[in-house]
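Have a look at the structure below, then the notes.
So you know, we letter chains A, B, ... as the sequences are listed, proteins then strands, and number each from 1.
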Amino acid sequence: MSAPATIRASIVGGSGYVGGEALRLLLAHERVDVVQVTSESFRGKLVHQTHPNLRGHTKLKFSGVDDLEAVDVLFLCLPHGEAQGRLAHYAGLADRLVDLSADFRLRSPERYRAAYGHDHACPERLAEAVYGIPELHRDAIRDASLISGAGCLATATILGLYPLAKADVIDRSAIFVDAKVGSSAAGNKPSLATHHAERSGAFRSFAPTGHRHTAEITQELTLGGGEPVVHFSATSVEAVRGILATAQVMVDPSVDEKAIWKIYREHYGDEPFLRIVKDRAGVYRYPEFKLLAGSNHCDVGFERAADTGRLVVMSAIDNLMKGAAGNGVQAMNVAFGFPETTGLGFPGLHPV
Amino acid sequence: MSAPATIRASIVGGSGYVGGEALRLLLAHERVDVVQVTSESFRGKLVHQTHPNLRGHTKLKFSGVDDLEAVDVLFLCLPHGEAQGRLAHYAGLADRLVDLSADFRLRSPERYRAAYGHDHACPERLAEAVYGIPELHRDAIRDASLISGAGCLATATILGLYPLAKADVIDRSAIFVDAKVGSSAAGNKPSLATHHAERSGAFRSFAPTGHRHTAEITQELTLGGGEPVVHFSATSVEAVRGILATAQVMVDPSVDEKAIWKIYREHYGDEPFLRIVKDRAGVYRYPEFKLLAGSNHCDVGFERAADTGRLVVMSAIDNLMKGAAGNGVQAMNVAFGFPETTGLGFPGLHPV
Amino acid sequence: MANAECPICSAEVAFEADTEVGEIVECEECGAELEVKSLEPPTLGEAPDEEEDWGE
């Protein structure tokens, strides 16, 4: 079945940062016509009211969710809980759903209750939803009707460790991760904690333990083996966009640096968005998220402490792009048979 | 003469920030094949050594300037003085030259000596060079063989005031401008002044008076009338990319707010890159450069102090884009008859 | 679809087919909240908007 020339797409919940990023990408996507973007609070307003970068790029106005027309793909960028609450309604409007909330990331209802503190509204749909990172589940995404985006911190961490877990060269009993994340990952709801005078220059240990994304990381790194024990800690840092996940794992001493290069090249060599960054020259020798703002790249690098067998794995993304909207568009490209980089070619800026 | 399907372009001096930005744009430009990028110090190295955002996007390596082949257009991104020194050599390699240095911005040799402190190497070529801002000189650019880029601070200031000067509604005897500019405008040569511990958080009045771009502003705002007296002051601020020029001029009391809107709409209503930003709603009610990083926009806004007839005009750009490489590519599009927005559609990011 | 002139910035403001007198519409260029004063001829006046705290 060859790919359609163009498809119709709408965004539900388009006034937030993820919805706005999805809108930016879909408006410029040569195979997509954006039909509607909904926002109850901004209904009737021009979209550039909440997405000022789009001023002059579109005359689109926000619609109400009840005016939604049927389309080919619906991007759900709703607060957690809303997608699972009205899934049947949305599924009736489009054959493909890309849900960028946390509602359908976890396969098991038990793990969902443990991570989110309440029962899932439609646990029977959890098994059918696909964890929408193409580098991990490209084939499943092709036929999926419910594609779930992944948590941004989980995405960076998983993509850093996945090849090693798949090659089963790491000690799964203790994986330590320290993730640094920018302010946009918390959304656009203002509070005292995000008030400039309180947030500027902050290096805030907002989740030393108990971060919800841990459940996804554990789920995706099991890979048919024993369940990994992931010790995850998150710090919000002086940036708007960006995640740098620094993982520390113990690797069998027999696996030297060359072997590790091979493992990463084997898994990521042909991936258009994954770059292995471990360089002996230049300023940026390991992954750095400031270079990635607006791009769909995930950069992965590593360094091995020869004496102890400790491996430090660094992975960087833009939390709104590969950590959310960019990955959603990539999964859409896979689902509809478009070249996977369509509309996602922006390389990022330097200097920035 | 219809536009060619694609053209061959090379960049001379491609290891700097402006050269790197031009390379990023030209690599993604659907009507351009990038043939060579020269750098004497990085000859033979992959371009992503100095432009890490381009890692994985090109296998291009830096060439030496002596290996340059003939092309359709040559972008000169050299330190000041080098283009004027070897112009004949470069002109022999391409029918069109886009010079992004300061060598050919001023029409008069006297004004050049006053601003740059030495005689011009080929003053006879100054008259033939076109000041390459399409919004000001679109027709002249079409046929020009030597297109000069403009100074970044000058570009923001001129585009803010140009419609008012053209409509002759401002008092030309005293135009006060305070321009805020990011660190990338000073290039990539490190010094103690740009050392992070000294530069981070700086609001440094590096040119309270005597800034070289004043000469260009005066030249371009004369517009057949009396020469304006431009009082220009520049401050470097806590940003990498971005310029915000805040001009204060006196306007005839008979010219009310509506009339000013009309003047701006008349000149910029159909310009794809110019946006009039004076909004009563939203967070970004006047131009702000942080939204423009990577985009070719120049946003212009104003506010009128009714009591005194004072008009404050605010104009914002990305100094590396509309202030340099983006404008150069825009001028190239005009020169070769490509749609002017080709390769320049990136809207900028939000939040960023 | 008739057009009226924005009283603030003189931009053209399109009236939808179902626009009614008294309705609040927004000028797309300057973001001003405007009140539909009449349909024939299409005229707009500045709506009494509450001075929103811009936070600066």
So, the part of E288(B) with a heavy atom under 4.5 Å from chain A: the answer is neither

Using 30° and 60° as the class boundaries, would you call the ring planes of H57(B) and H297(A) parallel, tilted or perpendicular? perpendicular

The reported gap from CD in E21(B) to NE2 in H350(A) (rounded to nearest 0.5 angstrom) is 10.0 Å

Checked D299(A), V283(A), V277(A), D318(A) vs chain B; the most non-hydrogen pairs under 4.5 Å come from V277(A)

Among N188(B), L291(B), L349(B), V240(B), the residue with the most heavy-atom pairs under 4.5 Å to chain A is L349(B)

Honestly, the part of L292(A) sitting under 4.5 Å from a heavy atom of chain B is neither

Contact list (residues 39-55 of chain B to chain A, heavy-atom gap under 4.5 Å, by number) returns H48(B), Q49(B), T50(B), H51(B), P52(B), N53(B), L54(B), R55(B)

Okay, I276(A) and chain B: the region with an atom under 4.5 Å from a heavy atom over there is backbone

In terms of heavy-atom pairs under 4.5 Å with chain B, the winner among G182(A), G348(A), A28(A) is G348(A)

### Task
Verify, without hydrogens or angle tests, whether R241(B) (side chain) and P351(A) (backbone) share a donor-acceptor contact under 3.5 angstrom.
yes

